[in-house]
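Encoded as structure tokens, the structure appears first; notes follow it.
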Amino acid sequence: MRANIDGAIGLLGDPNRRAIFELLARRPSAVGEIAAQLPISRPAVSQHLKVLKDGGLVVSRAEGNRRVYRLDPQGVSALRAWLDGVWEHALTSFHKFAEQTVADEIGTDPDEEPP
Amino acid sequence: MTTPIPPIEGKTTVDVSRDRAFELFTASIGSWWPRQYHIGAAEVADIVLEPHEGGRWFERGVDGTECDWGRVLSWEPPERVLFTWQIGGDWQFDPDPAHAAEIEVRFHADGPEQTTIEVEQRHFERLVAGEDVYGAIEHGGGGWVALLAAYAQLVAGQSRP
């Protein structure tokens, strides 16, 4: 299990996989329903679902003759994977804000008009 | 019985003194925290990290409502700040400190005008998830859906060439 959880770090790094994750956050779905909403094939969707499932973010259940996927009801792994992206974005935003704020204070903006 | 969940680690280096970096990170968090990441029903007007031990970390909505995210555990300018993340799988504030993940932010002075900021969010296993998150998703309500929708919008914007 440990290896699977560690692997969750990069699980939402792929845009299609993230799109599948977001679709499942809204509604449990079968492979065909997901594929209909994305510009990728059913086998590609199945492959991404397998990765998400192995990573502990998604679970599946047979309902009649189809298999329905949903986010893992234990939730915390999904929350963690999502927050990983939040922090990456937040730190990038902080970096830009901090350097810009200080540059503005010193007046190093090359476009700045002289007083 | 609780399985440990690995921490999230991140870092960034800025060409700013350590004192200033600490101040900008904490006092100006409302200016740089990406606005789409919030849990309240209203749009975010500000995000506040109160500058003392026991202080609140919360969002204030444009309608004036406040929504808690956590508490400040340790306030050590300009080296370190430690605060909690008390939002569990149901995307609600959980007031029980035993159900809190922690966020530690360390500020290392690389030089007089350069600082490396390291963030670690840990103890995810203390958060309570369970059926609530499932219910929120299943019934199309709750912060989870709103947050993911905001996130999806962001991602869509970024991935466009």
Side-chain angles (χ1 to χ4, degrees), chain A residues 1-9 12-29 37 56 58-59 68 70-106 108, chain B residues 3-17 20-21 23-25 28-29 31-34 36-37 85 87-91 101 103 113 115 117 119-121 124-138 140 144-145 147-149 151-152 154-156 158-159:
Chain A
M1 266 320 283
R2 179 57 194 248
N4 283 347
I5 292 171
D6 280 342
I9 293 165
L12 300 180
D14 180 277
N16 285 318
R17 210 172 295 143
R18 201 162 42 203
I20 293 169
F21 178 83
E22 286 156 6
L23 287 174
L24 293 178
R26 291 179 179 81
R27 186 174 57 249
S29 307
Q37 298 179 65
V58 161
V59 292
V68 174
R70 65 192 71 219
L71 296 195
D72 183 351
Q74 292 310 308
V76 171
S77 289
L79 175 65
R80 183 203 175 282
W82 186 81
L83 274 167
D84 210 9
V86 171
W87 275 115
E88 194 183 327
H89 183 211
L91 285 176
T92 304
S93 173
F94 171 72
H95 179 101
K96 205 169 140 187
F97 170 76
E99 295 202 337
Q100 188 60 52
T101 302
V102 170
D104 287 350
E105 284 164 1
I106 305 168
T108 52
Chain B
T3 312
I5 299 175
I8 291 173
E9 291 170 359
K11 73 174 167 183
T12 187
T13 299
V14 292
D15 290 335
V16 173
S17 72
R20 200 78 176 95
E23 189 196 341
L24 290 171
F25 192 97
S28 299
I29 192 166
S31 299
W32 61 264
W33 183 267
Q36 58 270 48
Y37 304 132
W85 169 275
I87 299 161
D90 60 354
W91 299 94
I103 297 165
E113 296 298 331
T115 308
I117 294 102
V119 173
E120 182 179 279
Q121 182 164 3
F124 281 98
E125 64 280 357
R126 294 181 186 166
L127 295 171
V128 176
E131 294 302 312
D132 285 346
V133 63
Y134 174 60
I137 294 164
E138 182 84 337
W144 171 271
V145 175
L147 205 54
L148 278 170
Y151 176 66
L154 166 85
V155 170
Q158 282 185 341
S159 58

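Convention: sequence-line order gives letters A, B, ...; per-chain numbering from 1. When reading the values below, keep in mind they use all heavy atoms of this one structure, side chains included, and skip hydrogens, waters and symmetry mates.
- Within the 4.5 angstrom heavy-atom criterion, no atom of Glu88(A) approaches chain B.
- Contact annotation for Thr101(A): only side-chain heavy atoms (C-beta onward) come within less than 4.5 Å of a heavy atom of chain B.
- Annotation: maximal heavy-atom pairing with chain A below 4.5 Å, among Ala21(B), Pro34(B), Ser31(B), occurs at Pro34(B).
- In Gln37(A), the CD atom is crowded: over 12 heavy atoms of neighbouring residues, nucleotides or ligands sit closer than 6.0 Å.
- For a residue to count as touching a neighbouring chain, one of its non-hydrogen atoms must lie under 4.5 Å from one of that chain's; by this rule Glu23(B) does not touch chain A.
- Here Trp32(B) contributes atom CH2 and Leu91(A) contributes atom CG; the two are 6.5 Å apart, rounded to the nearest 0.5 Å.
- Neither the backbone nor the side chain of Ser17(B) comes within contact range of chain A, judged by heavy atoms closer than 4.5 Å.
- Only the side chain of Ile103(B) comes within less than 4.5 Å of a heavy atom in chain A; its backbone stays farther off.
- With rounding to the nearest 0.5 Å, the separation of OG1 in Thr12(B) from CZ in Phe94(A) is 8.0 Å.
- Side-chain contact between Val102(A) and Val14(B) is absent, with no heavy atoms from C-beta onward closer than 4.5 Å.
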